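Contents: one structure, followed by commentary.
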Protein chains: 2
Amino acid sequence: MNQSQKAQYEARVKIIKAIAHPSRLFIIEELNRRERCVNELAEMVGADISTVSKHLSILKNAGLVFDEKRGTNICYRLRTQCILNFIGCVEDVLTANAQSQMEILRCCKK
Amino acid sequence: MNQSQKAQYEARVKIIKAIAHPSRLFIIEELNRRERCVNELAEMVGADISTVSKHLSILKNAGLVFDEKRGTNICYRLRTQCILNFIGCVEDVLTANAQSQMEILRCCKK
DNA sequence: TTCCTATTTGGCAATATAGCCAAATAAAGG
DNA sequence: CCTTTATTTGGCTATATTGCCAAATAGGAA
């Protein structure tokens, strides 16, 4: 792994890490439904507003969401839907894992 | 976010975290090319064998790779190609980010 | 059995991440 | 200008992740 390869992997990792948190996954799915402002999301997630604000800044910093003023609030929106396929793929892996677990069980019962 | 939702997000996060590391991304791409044993990967990554062994166990634990004896070595292989689309999507986000950066620059020059 | 070779595991120190509270900002409405 | 409301930032502690070394383990080969 040379230096420029490493930099490229780190750039990818930054984006992957941005979604590697339960609250942030939730936020992404919710923002796919519709735009939301910080206090709404904090309420839904069930965490302190400052915590959610920090989550949003991580997502924004990774280029996954953007914000926009809506009156007195700041609303966040998804910047690309692509990230959802991404998460869908994770679901496929989970399904595959579950299936192989089942096969192991079936095998033992015989 | 109720309890079962949270559990579901945590299951996804486990998989996402598994690929959220430069060395592990590298390993996944290399294993897509062909199967590799631990010492080969350690050489390529440029880290201690024990470190790479731990990376592999994280990937294995997430169901992304599996291992198989090959003589005196243990070879690792990708369990699903799906994870690659996944990474391809990250690349799309990076491209989109770069494009919007360029737009910002172009805008300032006017 | 004893010696290699390949890999995994334990342990530790360094670094990164998370989440809360409190304080700082920003902007709208009196 | 002052107050209120929404959000962000700083600071701190708790927890998680990383990577190396050294030690343990697992199988072949002699």
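Given the structure is predicted, the values throughout are model-derived calculations rather than measurements. Here is how names work: the chains are called A, B, and so on, in the same order as the sequence lines, proteins then strands, and each is numbered from 1.
Looking only at side-chain heavy atoms (C-beta outward), B:Q8 and A:E91 come within less than 4.5 Å of each other. Contact check for A:L25 versus A:I87: side-chain heavy atoms found under the 4.5 Å cut-off. Side-chain contact check for A:E30 versus A:R34: some heavy-atom pair is nearer than 4.5 Å.
In this structure, A:L41 atom CG and D:dA6 atom P are separated by 14 Å, rounded to whole Å. Following rounding to the nearest Å, A:I49 (CD1) and D:dT9 (P) show an atom-to-atom distance of 15 Å. With rounding to whole Å, B:K17 atom NZ is found 10 Å from D:dT15 atom C1'. What separates CD1 of A:I58 from C1' of D:dT8 is a distance of 13 Å, to the nearest Å. Rounded to a whole Å, the CG atom of A:L59 is 16 Å from the P atom of D:dT7. Summarising the geometry, the separation between CD on B:E10 and P on D:dA16 is reported as 11 Å, rounded to the nearest angstrom. The distance from atom CG of B:D67 to atom P of C:dA6 is 17 Å, rounded to the nearest whole Å. Atom P of nucleotide C:dG29 and atom CG of A:N73 are separated by 12 Å, given to the nearest angstrom.
Distances were taken from every side-chain heavy atom of A:V38 (C-beta onward) to each of D:dT17, D:dA6, D:dT8; the shortest belongs to D:dT8.
Distance alone, capped at 3.5 Å, is enough to place a donor-acceptor pair between the A:N97 side chain and the B:A62 backbone. At least one donor-acceptor pair under 3.5 Å links the side chain of A:R24 to the backbone N or O of A:A18.
Nearest-nucleotide positions on DNA chain D for B:A20 and A:V52 put A:V52 closer to the 5' end.
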Mind listing the N/O atom pairs, protein and nucleotides 13-15 of chain C, below 3.5 Å?
none

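For A:N39 and D:dT7, the shortest distance from a side-chain N or O to OP1 or OP2 is below 4.0 Å. For A:Y76, no side-chain nitrogen or oxygen approaches OP1 or OP2 of D:dA6 to under 4.0 Å.
Residues satisfying the ring-ring contact (aromatic ring centres under 6.0 Å, His included) test with A:Y76, not counting sequence neighbours, are none.
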Exercise. Which letter, B, S or -, goes with each nucleotide of nucleotides 19-30 of chain D from 5' to 3', with contact meaning a protein heavy atom under 4.0 Å?
Worked result: SBBB----S---
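Between A:H55 and A:H21, the ring planes are tilted. Angles from 30° to 60° get that label.
In terms of hydrophobic clustering, with Ile, Leu, Val, Met, Phe, Trp and Tyr side chains grouped at heavy-atom distances under 4.5 Å, B:L84 and A:V93 are assigned to a common cluster.
Between A:R12 and A:E10 there is no salt bridge, since no side-chain N of the basic residue sits under 4.0 Å from a carboxylate O of the acidic one.
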